[in-house]
Amino acid sequence: MGGSTIVGILRERARTERRVALVPDVVAKLAAAGIGVLVETHAGDGAWFGDDAYAAAGATVVSRPEVYRGAGVIACVQPPDDAEDGLSPGQTLLGLLAPAEHPDLLRRLTGRGVTAISLDLLPRTLSRAQSMDALTSQANIAGYRAAVLAAATYGGFFPMLTTAAGTIRPAAVLVLGAGVAGLQAIGTARRLGAVVTAYDVRPESRAEAESVGARFLQLGVGDATGAGGYARALSADEQARLQRALDEQIGRFDVVITTAKVPGRRPPVLVTEAALKNLRPGAVVVDIAAGELGGNVAGSVPDTTVVTDGGVTVVGAGNLPAGMAPAASTAYARNVAALLTHLVRDGALTIDPADEIAAAVVVTVPADGGTP
């Protein structure tokens with residue numbers, strides 16, 4: 001498929017979103033590769049990248065309608081709320097499009113001849129795709145931010161302190177899920193001085209969790225390793241046994257961080273209402289998986305902090321990377337640029353069905369109305 005080599009960057013308009021799809025340093029590298037960039041006025045303000053910095057890097061700063069009219073590829077973080085009005089047949093929308101969460105929008109766009117490229121669909125086990133892996137880059141940031149947020153929210157100290165008034169014990173932190181975000185949360189909480197315990201249903205994750213300083217919680221549920229490095233869905237019996245074991249253990253901890261999020265699937269509930277009641281007043285639970293499809297914690301609400309009747313603070317923290325917008329935007333921009341330079345051949349965006357990466361990231365919408 002031939003297309004323009006002009007990439008357009010819009011200002012993100014979702015309520016809690018401060019990231020931007022490209023940063024000035026990456027714009028300069030794309031310009032060197034022959035890819036031009038149009039940037040909406042103030043697109044980078046939320047991440048502290050001003051219009052002057054974009055212009056100095058070689059981008060052209062224009063209005064939002066001019067970005068839509070002038071770019072062949074629109075790069076975003078989240079799907080734009082005006083995509084249907086702004087995009088035309090033959091254009092491409094590239095970003096973290098979350099096809100399972102926005103099936104109707106993507107169905108309408110692709111039905112009109114818009115190509116949708118979702119970084120969520122990148123094959124993460126493919127070594128040559130690692131530089132494009134936005135889910136991993138953003139999960140790293142989310143894990144770090146979750147541990148820092150938990151420490152700031154918790155009313156005690158993370159490290160052990162010895163003072164004239166006596167010794168204060170370190171916080172006991174439980175991290176559920178030892179993927180990218182979980183491992184980063186473990187490492188950060190350990191560096192802050194907490195005693196960290198981790199659990200994941202994949203047996204091979206034990207060595208990874210222990211390598212960054214966590215104890216591993218043994219629950220005896222069995223192997224739940226699935227495709228693509230994610231955990232598979234548990235059977236009803238496995239889920240029931242896991243839940244009973246977790247409910248019994250969770251009450252021992254001061255802080256719980258949950259990270260079990262799989263793109264396109266409803267997150268498993270790991271911290272039930274019963275488990276929340278077992279936690280002491282003042283305990284903190286940070287749910288990284290909180291989002292439109294649900295979360296890991298009963299009663300968690302995306303982008304909202306609630307306190308239970310038992311005095312447990314539950315933080316629905318589904319978009320933590322937006323809280324570190326400069327760092328998150330820089331990492332994301334590198335992912336976007338790596339994918340763009342892979343797809344642009346002979347001056348045009350080219351979708352080669354024989355290429356594993358290209359074939360995976362293009363959103364295919366079933367004609368029968370199913371989920372992309």
Side-chain angles (χ1 to χ4, degrees), residues 1-14 17-97 105-106 109-110 112-119 132 134 322 325-326 328-351 358 361-363:
M1 181 190 72
S4 172
T5 58
I6 303 297
V7 177
I9 305 302
L10 299 173
R11 183 173 188 174
E12 301 287 323
R13 302 202 295 200
E17 189 56 75
R18 292 177 49 213
R19 291 172 291 179
V20 62
L22 288 181
V23 301
D25 282 351
V26 173
V27 168
K29 293 176 182 176
L30 288 176
I35 299 173
V37 179
L38 298 178
V39 177
E40 180 186 353
T41 304
H42 303 304
D45 284 5
W48 306 110
F49 297 110
D51 290 347
D52 290 346
Y54 282 104
T60 302
V61 181
V62 295
S63 68
R64 193 176 186 90
E66 288 174 305
V67 172
Y68 273 124
R69 287 196 299 268
V73 179
I74 300 295
C76 60
V77 179
Q78 299 188 44
D81 57 358
D82 59 350
E84 291 184 79
D85 296 326
L87 289 165
S88 302
Q91 285 184 299
T92 296
L93 179 65
L94 184 154
L96 290 169
L97 304 183
L105 169 64
L106 294 174
L109 289 176
T110 56
R112 289 173 44 199
V114 173
T115 299
I117 295 177
S118 186
L119 286 158
M132 312 167 197
S329 298
T330 298
Y332 182 72
R334 291 170 181 167
N335 301 140
V336 170
L339 181 57
L340 281 172
T341 53
H342 176 76
L343 296 177
V344 172
R345 302 177 187 176
D346 299 325
L349 186 74
T350 303
I351 305 299
V361 297
V362 174
V363 179

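These numbers were taken from a predicted model, which means no experiment stands behind them.
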Can you give the donor-acceptor pairs under 3.5 Å from side chains of residues 334-344 to other protein atoms, not counting sequence neighbours?
{"residue": "Asn335", "atom": "OD1", "partner": "Ser137", "partner atom": "OG", "Å": "2.7"}
{"residue": "Asn335", "atom": "ND2", "partner": "Ser131", "partner atom": "O", "Å": "3.0"}
{"residue": "Thr341", "atom": "OG1", "partner": "Ala337", "partner atom": "O", "Å": "2.9"}
{"residue": "Thr341", "atom": "OG1", "partner": "Ala338", "partner atom": "O", "Å": "3.1"}
{"residue": "His342", "atom": "NE2", "partner": "Asp355", "partner atom": "OD1", "Å": "3.4"}
{"residue": "His342", "atom": "NE2", "partner": "Asp355", "partner atom": "OD2", "Å": "2.9"}

State which residues pass side chain to side chain contact (heavy atoms under 4.5 Å, CB included) with Ala116; sequence neighbours excluded, sorted by chain then number.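 Scan of Ala116 (side chain to side chain contact (heavy atoms under 4.5 Å, CB included), adjacent residues dropped) gives Leu97, Leu106, Thr110, Val363.
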Can you check whether Glu12's main-chain N or O pairs, donor with acceptor, with Gln78's side chain at less than 3.5 Å?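 The answer is no, because no donor-acceptor pair under 3.5 Å joins these two groups.
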Can you name the side-chain hydrogen bond (donor to acceptor under 3.5 Å, both in side chains) partners of Ser118, sequence neighbours left out?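 Per chain and number, Ser118 pairs via side-chain hydrogen bond (donor to acceptor under 3.5 Å, both in side chains) with Asp120.
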Taking only residues two or more places apart in sequence, or in another chain, which ones meet Arg13 in a side-chain hydrogen bond (donor to acceptor under 3.5 Å, both in side chains)?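 Once residues adjacent in sequence are excluded, the partners of Arg13 under the side-chain hydrogen bond (donor to acceptor under 3.5 Å, both in side chains) criterion are Asp81, Asp82.
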Shortest non-hydrogen separation from [X] to [Y] and the atoms involved:
X     : Y     : result
Val77 : Ala21 : CG2-N, 3.9 Å
Pro24 : Phe49 : CD-CD2, 3.6 Å
Pro80 : Leu93 : CD-CD1, 3.9 Å
Ala57 : Val27 : O-CG1, 3.9 Å

Does Glu84 have any salt bridge (charged side-chain N to carboxylate O under 4.0 Å, His left out) partners at least two apart in sequence or in another chain, and if so, which?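 Applying salt bridge (charged side-chain N to carboxylate O under 4.0 Å, His left out) to Glu84 gives Arg108.
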Between Leu10 and Tyr68, is there a side-chain heavy-atom distance shorter than 4.5 Å?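 Heavy-atom side-chain distance check passes, below 4.5 Å.
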Leu119 side chain reached by Leu94 side chain, heavy atoms, under 4.5 Å: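 Yes, their side chains come closer than 4.5 Å.
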For the atom pair CG (Leu109) and CG (Leu87), what is the distance rounded to the nearest 0.5 Å?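 Here the rounded value is 6.0 Å.
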Listed pairs under 3.5 Å, donor-acceptor, residues 30-46 side chains, sequence neighbours left out:
{"residue": "Glu40", "atom": "OE1", "partner": "Arg11", "partner atom": "N", "Å": "2.7"}
{"residue": "Glu40", "atom": "OE1", "partner": "Arg64", "partner atom": "NH1", "Å": "2.7"}
{"residue": "Thr41", "atom": "OG1", "partner": "Val62", "partner atom": "O", "Å": "3.2"}
{"residue": "His42", "atom": "ND1", "partner": "Asp45", "partner atom": "OD2", "Å": "2.9"}

Step by step, would you call Val67 with Ile74 a side chain to side chain contact (heavy atoms under 4.5 Å, CB included)? CA-CA 8 Å; Val67 172; Ile74 300 295; 3.9 Å; yes
According to side chain to side chain donor-acceptor pair (under 3.5 Å), does anything in residues 47-58 pair up with another residue at least two apart or in another chain? List the pairs.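 Output for this query is empty, none listed.
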Sequence neighbours excluded, every pair satisfying salt bridge (charged side-chain N to carboxylate O under 4.0 Å, His left out) that has a member inside residues 19-39: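 Sorted result for residues 19-39: Glu17-Arg19.
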